[in-house]
Amino acid sequence: MMPKLKKYMPFTYKMMIPYLLLVLLTDVFIGYISYSMLTDSRTEMAESNIRTGMEQARNNIRYQMDEIQRMSDNIFGSQPFQRALELRGTPFEIYLAMIDEIVPQITAPLQLFGNKIRFMLYTPNSDLNIVSGDNLDEPIIDSDYYILPFDEITGSSWYLSLKDSKRDNLWLQIDTDQKLGNLSHVRRLVNFSDYKTVIGYVRITVSLEDLFGGFDTFPVEEGITLRLVEQATGGILFQRGTADYADGHENFLSLHEQIPGSDFVIEAMVPQRYLTQDAGRLRRVIIAVCSLSFLVMTLIGFMVARISGRKMSRIVGLVRSFQEGNFQKRIRFSGNDEFVQIADSFNDMAGNIQGLINSVYVQGIQKKQAELEALQAQINPHFLYNTLSTISSLANLGEIGKVTEMVQGLSRFYRLTLNQGNVYIALEKELEQVATYLEIQRVKYADSFTLYVDVDEEIMGMQVIKLVLQPFVENVFKHAWFGETIAIRLTGRRVGSNIELKVIDNGIGMRPEVVRKMMNGPSQSGGYGVKNVDERIKLRYGDAYGVTIASFYGAGTTVRLLLPAGLQDHDDLHEEL
């Protein structure tokens, strides 16, 4: 019985496990690095855009502040303007001075400056005409100028803070500037004679939104907040955006840009979610790409494992066929790899093993044939000796006719026995040989025995080893005879894939110990026949076949021969050999 083959996982599929783990780890590593790099790049790009916007705002503010500074410088350095500002005289003279010197100096910058501003001149000269302009409590709608009396600012906090100090030429948020989102440039005007006598104050006010020049670069709707901070005090002069930085629920990136020549700093507060707003999309894209890469690599690995696995399966199949005793199979692989070398080695090994098996098998067959011929040779001389002994006895009695019949019968018997040198004989011929033997015995015993033959016609043409029935028929005459007559019955039928032949007599029978002695070898009660036939059958067909004897002392004996069925003629016989 062949051992049960264990199920196994092909080695190529086992190698898929570390391969897929390596691919997975590689994809995860590459995905992580890609995600980190892309996120950092996106963050740097967003930060760069914000910084660029801040630089543009700084440059725009600086440019406008410089323009306003030039307005202030022109007023401060104009002697005709100063003389007109200090003029005392008739209303007509004052009117001419304002028309010729003061108003042109004030309105010219308003026309040249790009944004809307308020130009305010505070003068202590009560002779000058007052120009009130728009309402200062309202946002700047159009550029306008004001000539106001000095008394309007003498009580203001910003004037008091500048009056006795050396601070001058400043940018401040005064009066309603903070409420309206404005920024003012304040400068003291002094007399050119002593550079001490204050002849007025110039205040130029501009909207901080105009100063920043728009907010297209700053997407405040996404949480970015822009501030203009006074560096010295930390006060917030202007803010665009409503993000709450104090609640601590969100991290912000703080960017600063100093406005050259001023105490102001542009501060941009950028939430981290804005910097990483594309992180989710990038993560999904990278996961999709890595997943697709993993699937493609898995498919490629599976295809490679399948191709290699087929070769391995063929090699395993060859090994299993060797295990089952089939050394006829061969495998061939194309190419010049390890599988080809393994296949060639297996093929050479199988050829060598097959050669050894054939050699051993032929030697075994030859040995078995020699043993069969030796066993058969034991029967022929034994039967010949018994027959010749009977012929001698008849000759002594003068029974010449019977002697002639026995000699003719003996001749036919041995012609059938020789069977042209073949070991096998058709069952029909084997029965004819038994009949010939009984004809010889009938000369001696006359009609003292009766033969009954009951053999199925379908097995008559099947091949059996010659001389398997005659020795048992002979034993009937030699050992089973009891009384004056005896009956012999020969039966034959097919039982499954076997042939069952029986030799039955109603003789004296045998005790069990006698049967055992007959099966074990030559004895006084059995001779060579029983053991000889049993060994011949087993040598030819195997231990599953042979002779079985059932006997009851005083009631008769049944000899059963079990042979394989299926061999119809000599051609079939040769094919089996």
Are the side chains of [Y] and [X] in contact, using a 4.5 Å heavy-atom criterion?
X: S293; Y: M297; answer: yes
X: I130; Y: P149; answer: yes
X: V103; Y: V131; answer: no
X: L183; Y: Q173; answer: yes
X: Q82; Y: L189; answer: no
X: I94; Y: L128; answer: yes
X: I30; Y: C290; answer: no
X: I153; Y: L148; answer: no

Side-chain donor/acceptor of [X] to backbone N/O of [Y], under 3.5 Å:
X: Q258; Y: S262; answer: yes
X: N49; Y: M45; answer: yes
X: S41; Y: M37; answer: no
X: R540; Y: G542; answer: no
X: D177; Y: I174; answer: yes
X: D27; Y: F294; answer: yes
X: S156; Y: E152; answer: no
X: T176; Y: K179; answer: no

Q. What orientation do H185 and W171 show, parallel under 30°, tilted 30 to 60°, or perpendicular over 60°?
A.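 Geometry flag for W171 against H185: tilted rings.
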Of all the heavy-atom pairs spanning [X] and [Y], show the shortest one and how long it is.
X: Q105; Y: S78; answer: NE2-OG, 3.2 Å
X: N125; Y: L87; answer: ND2-O, 2.7 Å
X: N498; Y: P564; answer: OD1-CA, 3.9 Å
X: A268; Y: L226; answer: CB-CD1, 4.1 Å
X: L562; Y: A544; answer: CD2-O, 3.9 Å
X: R88; Y: P124; answer: NH2-O, 4.2 Å

With respect to [X], which candidate in [options] satisfies the side-chain contact (heavy atoms from CB on, under 4.5 Å) definition?
X: Y145; options: L121, I204, I106; answer: I106
X: N182; options: V206, I140, L136, L208; answer: I140
X: F264; options: E230, R58, R62; answer: E230

(Q) Please check if the number of heavy atoms outside Y63 that lie under 6.0 Å from its OH is greater than 12. (A)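 Counting other residues, nucleotides and ligands, OH of Y63 stays at 12 neighbours or fewer.
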Q) Does a sphere of radius 6.0 Å around CD1 in I141 hold more than 12 heavy atoms from other residues, nucleotides or ligands, not counting ones at 6.0 Å or beyond? A)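 For I141, atom CD1 is not crowded (no more than 12 foreign heavy atoms under 6.0 Å).
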Does a donor on one side chain sit under 3.5 Å from an acceptor on the other, for [X] and [Y]?
X: Q69; Y: D73; result: yes
X: R203; Y: T205; result: yes
X: N191; Y: S193; result: yes

Rounded distance [0.5 Å steps], [atom1] in [X] versus [atom2] in [Y]:
X: D210; Y: I117; atom1: CG; atom2: CD1; value: 10.5 Å
X: S161; Y: L170; atom1: OG; atom2: CG; value: 8.5 Å
X: D168; Y: R188; atom1: CG; atom2: CZ; value: 4.5 Å
X: M269; Y: I224; atom1: CE; atom2: CD1; value: 11.5 Å
X: L25; Y: L20; atom1: CG; atom2: CG; value: 11.0 Å
X: R118; Y: D142; atom1: CZ; atom2: CG; value: 10.0 Å

Q.
Checking F113 against I68 for the side-chain contact (heavy atoms from CB on, under 4.5 Å) test, could you report, in this order, the C-alpha distance in whole Å, the side-chain angles of both residues, the deciding distance, and whether it holds?
A. CA-CA 8 Å; F113 193 74; I68 293 174; 4.0 Å; yes
Q: Kindly indicate, with the supporting measurements, whether the criterion side-chain contact (heavy atoms from CB on, under 4.5 Å) is fulfilled by N115 and S207.
A: CA-CA 8 Å; N115 292 325; S207 171; over 6 Å; no
Q. Between L563 and M462, is a side-chain contact (heavy atoms from CB on, under 4.5 Å) present by the stated rule, with each step listed?
A. CA-CA 10 Å; L563 306 171; M462 293 186 180; over 6 Å; no
Q: Before accepting this row, confirm whether a basic side-chain N of the pair K116/D134 lies closer than 4.0 Å to the acidic partner's carboxylate O.
A: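 Salt bridge absent between K116 and D134.
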Q) Is the shortest distance from a Lys or Arg side-chain nitrogen in R51 or E55 to a carboxylate oxygen in the other one below 4.0 Å? A)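 So R51 does not pair with E55 through a salt bridge.
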Q) So, Y159 versus Y122, ring centres under 6.0 angstrom or not? A) no
Q. side-chain contact (heavy atoms from CB on, under 4.5 Å) between I75 and R187: does it pass, once the steps are laid out?
A. CA-CA 10 Å; I75 296 294; R187 186 166 190 172; over 6 Å; no
